[in-house]
Amino acid sequence: MKLELKVNGQPVSVDVPPNMLLVQLLREQLRLTGTHVGCDTAQCGACTVLANGRAIKSCNALALQMQGCEITTIEGLAQEDGTLHPVQAAFKECHGLQCGFCTPGMVLSTVDLLERHPQAGEAEIREQLDGNLCRCTGYQNIVRAVQTAQQQQTTAA
């Protein structure tokens, strides 16, 4: 079936089988391997991408459900000149990653979180990131990275 959407700002037109998952389209056909496959059950958040600006787990969405949508993966977050998105820069600055496996999903979830809850306190940040598992960091530096990005976003506004 024909699927037309935008991925990282670029128009994409592909033929996909009706049962193809969005994560398969991104990784296998479009070679955007920053979207990770962790659990295949929408539990870990490693496959999180933005669909029309909202965080979704791409292992739990059919590619065809994204007809006409705008998808942003971790590869599409930085500027074309390589300048990191403020959330990416905050994760780097605060050491909000270790092995890096959860980082793309965590960063994209944070982008959505800060869009929907720009004044979130620590408890709400932790609650909003609950669907993204990290087995390395203990979340302290991740929460600090979210707060840093939040402060920078407030300062810039």
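Note that this is a predicted model, so its numbers are computed, not measured.
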- Query: CD of E124: more than 12 outside heavy atoms within 6.0 angstrom?
  - Reply: yes
Determine, using the 4.5 Å side-chain heavy-atom cutoff (strictly less than), whether [X] and [Y] are members of one ILVMFWY cluster.
{"X": "V14", "Y": "L64", "result": "yes"}
{"X": "V37", "Y": "M20", "result": "no"}
{"X": "I74", "Y": "L26", "result": "no"}
{"X": "V16", "Y": "L32", "result": "yes"}
{"X": "L62", "Y": "M1", "result": "no"}

- Task: Report yes or no: do Q43 and T41 form a side-chain donor-acceptor pair below 3.5 Å?
- Result: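 Side-chain D/A pair, Q43 to T41: absent.
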Give, for atom [atom1] of [X] and atom [atom2] of [Y], the distance between the pair rounded to the nearest 0.5 Å.
{"X": "L77", "Y": "Q88", "atom1": "CG", "atom2": "CD", "answer": "4.5 Å"}
{"X": "I142", "Y": "T103", "atom1": "CD1", "atom2": "OG1", "answer": "7.0 Å"}
{"X": "K57", "Y": "S109", "atom1": "NZ", "atom2": "OG", "answer": "7.5 Å"}
{"X": "L5", "Y": "M66", "atom1": "CG", "atom2": "CE", "answer": "9.0 Å"}
{"X": "Q147", "Y": "L114", "atom1": "CD", "atom2": "CG", "answer": "10.5 Å"}
{"X": "L22", "Y": "I56", "atom1": "CG", "atom2": "CD1", "answer": "5.5 Å"}

Shortest non-hydrogen contact from [X] toward [Y]:
{"X": "Q98", "Y": "C136", "result": "OE1-O, 2.6 Å"}
{"X": "G45", "Y": "N132", "result": "O-ND2, 3.3 Å"}
{"X": "C39", "Y": "C44", "result": "SG-N, 3.4 Å"}
{"X": "S58", "Y": "C47", "result": "OG-O, 2.7 Å"}

Can a donor-acceptor pair be found, under 3.5 Å and without considering hydrogens, that links the side chain of [X] to the backbone of [Y]?
{"X": "E93", "Y": "A145", "result": "no"}
{"X": "H36", "Y": "F101", "result": "yes"}
{"X": "R27", "Y": "T35", "result": "yes"}
{"X": "E4", "Y": "V12", "result": "no"}
{"X": "E122", "Y": "V143", "result": "no"}
{"X": "Q67", "Y": "K2", "result": "yes"}
{"X": "E75", "Y": "G34", "result": "yes"}

What I'd like to find out is whether the side chain of [X] reaches to under 4.5 Å of the side chain of [Y], using heavy atoms alone.
{"X": "N141", "Y": "R144", "value": "yes"}
{"X": "I71", "Y": "N8", "value": "no"}
{"X": "Q150", "Y": "I125", "value": "yes"}
{"X": "D15", "Y": "L3", "value": "no"}

- Residue list, salt bridge (charged side-chain N to carboxylate O under 4.0 Å, His left out) with R135, at least two apart or on another chain: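 Scan of R135 (salt bridge (charged side-chain N to carboxylate O under 4.0 Å, His left out), adjacent residues dropped) gives none.
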- Does the side-chain contact (heavy atoms from CB on, under 4.5 Å) test come out yes or no for Y139 and L129, once each step is laid out? CA-CA 10 Å; Y139 298 94; L129 293 178; 5.9 Å; no
